Amino acid sequence: MFSFYLKKYTMYVTIAAQSVALSLCKRHGLIFNRLRRLFTTLIVRSVGARVSLIGTIDADTDILIVNHQSMLDIFALEAVVGNDTRFIGRTGIMDKWPVSRIVDRVGHITVDQKDRRAIIKLLKDVKICQGKKVIIFPEGTRSQSGKIEPFEAGAKLLVEKLKLKAQPVVIKNILDVYNESNKTATSGTIKIEALPVITITGNWYEHTHQAMNKAFSQLT
């Protein structure tokens, strides 16, 4: 328990330090980008983690469809994808300091589900991110069940409306390394697997969910 709280405190202090540091730099300048990479590494290491990528994330992929288990998912993904990432997250989570300042400075995308026009804003925001890798968590919430939960409709709509090249990515054992719900933290390797780019067919979304669940159960 002590180890968990020590790592949690260290991680949040590091996130706060990143928030302050990015506020003092020109957005997306050389120093800004170097600090992002540095703090991503420090945040992952603060909980005793390393990140291992299995497979290849295609260079021209527009959107990554990823399962969601922890706030640490974001930093683990940045560690393997790089700075050209823009995450989609809900207001209420991504608009709280210190994360909110990072969201604003980097240009991550927030969605207010109470706003009936949210999907229109989301389409515009994602379209603006052309040339970046947008990352969406289609379950809509963090899964603590040991499996990938059913997908909400947002990712499907984005891919089809904007004709995006989509690739599924699976994170499996992040909760074995750092679990805020169970208050456990153990040093280890977070494993991330990039699946093949999606071919858009009539049932592509359902097939993607099935493929991700299969990879999730097999990734060790």
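In this text the structure is predicted, and so the values were computed from the model without any measurement.
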Applying side-chain contact (heavy atoms from CB on, under 4.5 Å) to E139 and N67, what does each step give before you reach the verdict? CA-CA 7 Å; E139 296 160 284; N67 61 306; 3.5 Å; yes

Between F39 and F75, is the side-chain contact (heavy atoms from CB on, under 4.5 Å) condition met? List the steps. CA-CA 9 Å; F39 277 104; F75 303 105; over 6 Å; no

task: Determine, step by step, whether L158 and I136 satisfy the side-chain contact (heavy atoms from CB on, under 4.5 Å) criterion, reporting the C-alpha distance in whole Å, the side-chain angles of both residues, the deciding distance to 0.1 Å, and the verdict.
output: CA-CA 10 Å; L158 285 175; I136 188 168; 3.9 Å; yes

Derivation and outcome, salt bridge (charged side-chain N to carboxylate O under 4.0 Å, His left out), residues R117 and D115: CA-CA 5 Å; R117 299 167 296 177; D115 187 348; 3.5 Å; yes

message = Could you walk me through whether E78 and R36 satisfy the salt bridge (charged side-chain N to carboxylate O under 4.0 Å, His left out) test, starting with their C-alpha distance in whole Å, then the side-chain angles of each, then the deciding distance to 0.1 Å, before giving a yes or no?
response = CA-CA 9 Å; E78 281 192 344; R36 276 192 69 192; 2.8 Å; yes

If you apply the rule salt bridge (charged side-chain N to carboxylate O under 4.0 Å, His left out), what do you find for K165 with D62, and how did you get there? CA-CA 5 Å; K165 182 176 181 180; D62 299 309; over 6 Å; no

Requested in this report: Output, in order, the C-alpha distance, side-chain angles, deciding distance and verdict of side-chain contact (heavy atoms from CB on, under 4.5 Å) for L162 and L123.
Outcome: CA-CA 8 Å; L162 300 179; L123 286 165; 4.0 Å; yes

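Looking at L195 and T208, their side chains never come closer than 4.5 Å, going by heavy atoms from C-beta outward. Contact of the D104 side chain with the R101 side chain is registered, since non-hydrogen atoms from C-beta on lie closer than 4.5 Å. Two residues are said to be in side-chain contact when any heavy atoms from C-beta on lie closer than 4.5 Å; E160 and W204 meet this criterion. Y12 places none of its side-chain heavy atoms less than 4.5 Å from the side chain of S46. A heavy-atom distance below 4.5 Å is not found between the side chains of I135 and I88. Side-chain atoms of K26 and I31, non-hydrogen and from C-beta on, never get closer than 4.5 Å to each other. With contacts defined as side-chain heavy-atom distances shorter than 4.5 Å, the pair S70/N179 does not qualify. Side-chain contact between I65 and I198 is present, with heavy atoms from C-beta onward closer than 4.5 Å.
With respect to the salt-bridge test (charged N to carboxylate O, under 4.0 angstrom), the residues R90 and E152 qualify. The pair D84-K132 meets the salt-bridge criterion, with a side-chain N (NZ, NE, NH1 or NH2) lying under 4.0 Å from an Asp/Glu carboxylate O.
Annotation for P98 and A16: closest pair CB-CA, 3.7 Å, computed over non-hydrogen atoms. The two residues A76 and V51 make their nearest non-hydrogen contact at O-CG1, 3.8 Å. Listed here is the closest heavy atom pair of V177 and G188: CG2-C, 4.1 Å. Pairing each heavy atom of I109 with each of C129, the nearest pair is CD1-SG, 3.9 Å. N83 approaches R37 most closely through the heavy-atom pair OD1-CD, 3.0 Å. Annotation for K133 and I57: closest pair CE-CG2, 3.6 Å, computed over non-hydrogen atoms.
Residue V47 is grouped with residue L38 when hydrophobic side chains (ILVMFWY) are merged at heavy-atom distances under 4.5 angstrom, including chains of intermediate members. L24 and F32 are assigned to two separate hydrophobic clusters, defined by single-linkage of ILVMFWY side chains at heavy-atom distances under 4.5 Å. Tracing side-chain contacts under 4.5 Å through hydrophobic residues (I, L, V, M, F, W, Y), one never reaches M11 starting from V13; they form parts of separate clusters. Both Y205 and L157 are part of a single hydrophobic cluster, where members link through side-chain heavy atoms under 4.5 Å apart. V106 is not connected to W97 by any chain of hydrophobic side-chain contacts under 4.5 Å among Ile, Leu, Val, Met, Phe, Trp and Tyr, and they are in different clusters.
We find the CG-CG distance between L35 and L22 to be 6.5 Å, quoted to the nearest 0.5 Å. Taking NE2 of H108 as the start and CE of M94 as the end, the distance is 5.5 Å to the nearest 0.5 Å. Here the CD1 atom belonging to I43 is positioned 8.5 Å from the CG atom belonging to L72, to the nearest 0.5 angstrom. The OG1 atom of T14 sits 13.0 Å away from atom NZ of K7, with the distance rounded to the nearest 0.5 Å. Between T56 atom OG1 and E193 atom CD the span is 11.0 Å, to the nearest 0.5 Å. The line from CD1 of I171 to CG of D73 is 4.0 Å long, rounded to the nearest 0.5 Å.
Within the 3.5 Å criterion, the main-chain N or O of V81 finds no donor-acceptor partner in the side chain of T85. Between the D95 side chain and the T91 main chain, no donor and acceptor come within less than 3.5 Å of each other. Of the possible donor and acceptor atoms, none in the side chain of N182 sits under 3.5 Å from a partner among the backbone N and O of T184. In terms of modelled atom types and a separation under 3.5 Å, the side chain of H209 and the main chain of E149 share a donor-acceptor contact. Distance alone, capped at 3.5 Å, places no donor-acceptor pair between the R86 side chain and the V134 backbone.
The environment of K121 atom NZ is dense: over 12 non-hydrogen atoms of other residues, nucleotides or ligands sit within 6.0 angstrom.
With ring centers used as reference points, F4 lies under 6.0 Å from Y178.
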